[in-house]
Amino acid sequence: MLKNPEAKIVGREAWGDYVLLRFEAPTISALARPGQFLMVRVADGPYPLLRRPLGIHLRKDKALGVFFKIAGEGTALLARKRPGETLDVLGPLGNGFSVDPCLAGKAVFAVGGGRGIAPLYFLAWELRALGAAVKILYGGRTKDDVPLAARFRDEAFDQVLTTDDGSAGREGFVTAALEEEAGKAAPAMIFACGPDPMLEAVGRIAAARDIPAELSLESRMGCGFGACWGCVQRVRVDGKPAWVKICEDGPVFPAEAVVWDKDAR
Amino acid sequence: MTDLSVDLGFLRLKNPVLAASGTFGYGLEFEPFLELERLGGFVVKGLYYGPREGNPPPRLVETPSGLINAIGLQGIGVAAFAEKILPRLRSLKTAVIVNVCGASEEEYVRVVEFLDGCEGIAAYELNISCPNVQKDGACPAFSPEATAAIVREVKRAGRRPVITKLSPNVTSVVEIALAAQEAGTDAVALVNTFLAMAIDVETRRPKLGNVLGGLSGPAIRPIAVRMVWQVASRLKVPVIGVGGIRTGTDALEFLIAGARAVQVGTANLVDPDACLRVLAGLEDYCRRHGIGRLEEIVGTVKT
């Protein structure tokens, strides 16, 4: 992991509250794997103080991209950045998804909810390069929350789109689409990123059908590299539940290891 | 070439910049970002005798120029530290200070007795001021008697110098510092975090799993400087200043107020090389002011 305090922004796209920033960070880019994240400064001074954890959305040549939703002061400041300006980024951090060569020629699902789609774009391209048949299951609240749907379609990814209100794609949760699609033809592997209730449901669906699944957890973080122990999730370690650091031991966990039930902790 | 070294009496530091406990992991987490040997030293994350679970999440909330944490001293315990971490720290030419925790006087003593059997530790920092482990944020550093009792027991049991880390959540930090000195502490470090709370107004729930937490970061710096100044003007033992330091200028405020060394805390989480930025700032200041020995400026505030 490395610090690049002056990664030059080379591209910006925005769709309502969703923003994609591309920047040049050659050394970090060379090391990056899907599912890893960056810690990004949003201001130069002490306010807002902390970096923001953002999943690596894409890698193209020497450039990396982050895709995020404006959700507060920090991301609002980040959204104001323009090409030509610089970003202070730390990374790549965390463990990443298992992009296993044995998935070549197999069907895999990538399930994303809202801004949780961010790391799945990078993953989808890496899986495609490997020769896996990737199906994107992309869900959001409304048509405004699935801004990347057109891109997945244009890039010829097999995609199932859902919105809670039916304003785009199928009406309902993305997990309902997952249940249906997995019922038609079970994939070799499920990868997912999104809000906790969605991930919990993905884990349950995968377990019921005996499909291996990896979940990328979202969390606020202090440092992003294991020093503060601020971002923890209940995870079974050697069969025993423990508070495990999302930044260092995750953010990607095998679905069966994550403990969601507050009573079983 | 400026001499940045400082003398704590029991320990000479190559420079006054220490990384603060709880913000620097066990040190090794920072190796990808900086040469640990450039630091005056670092204080590893607090250790109880055994492993400790810590608090339920959320454990962090960001506030204006600050951070409230309620980690709850999750940690690996002394045996795992001695086996897995310390052998990798021992060869470093920098002061490794171990932050010592205890749920009772006896536990502080047990931790120190265990660590006394290990080489490669420069001093103990007594953590009697964490606001996240007892009900209502209480801690031994609230009371001169409880503070003195722990210091006395640890000094009696252990062979190494003791730094006592004090809480700012008291009426008179001077009174507690004097009690620690009387009981034989070799230095005091102040301040630990300020007891704090944040509420999500949408749900009306506390933002932290532990309800209360400790506020750190630039927001607290002026209060910490004030407390360091008050304590340093009354104590004979050296004072180590902690609280919101991000830059050389910030560190200089504490040194000029009377601190002989400083600890950089929350800034390490934002910039893992923050200690080096502080060091560079100190060097630059000395150059600009023609100061040959940085130690000369300690306690020189003109009041």
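A, B, ... follow the sequence lines: proteins, then strands. Residue 1 opens every chain. Bear in mind the structure is a predicted one, so any value in this text is a computation, not a measurement.
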Determine, for A:Arg51 against A:Asp88, whether the closest basic-nitrogen to carboxylate-oxygen distance falls under 4.0 angstrom. yes
Just by distance, with hydrogens left out, do B:Thr23 and B:Asn268 show a side-chain donor and acceptor under 3.5 Å apart? yes
When the 4.5 angstrom heavy-atom criterion is applied to A:Met221 and chain B, the contacting part is backbone
If I measure from the heavy atoms of chain A, does B:Ser65 come under 4.5 Å with its side chain, its backbone, both, or neither? both
Establish, for the pair A:Arg234 and A:Trp243, whether the NZ or CZ atom is under 6.0 angstrom from the six-membered ring centre and no further than 45 degrees off its axis. yes
Under 4.5 Å to a heavy atom of chain A? For B:Asp273 that would be side chain
Quick check against the 3.5 Å criterion: does A:Arg41 have a side-chain atom that pairs as donor or acceptor with the backbone of A:Leu49? yes
So, the part of B:Pro64 with a heavy atom under 4.5 Å from chain A: the answer is both
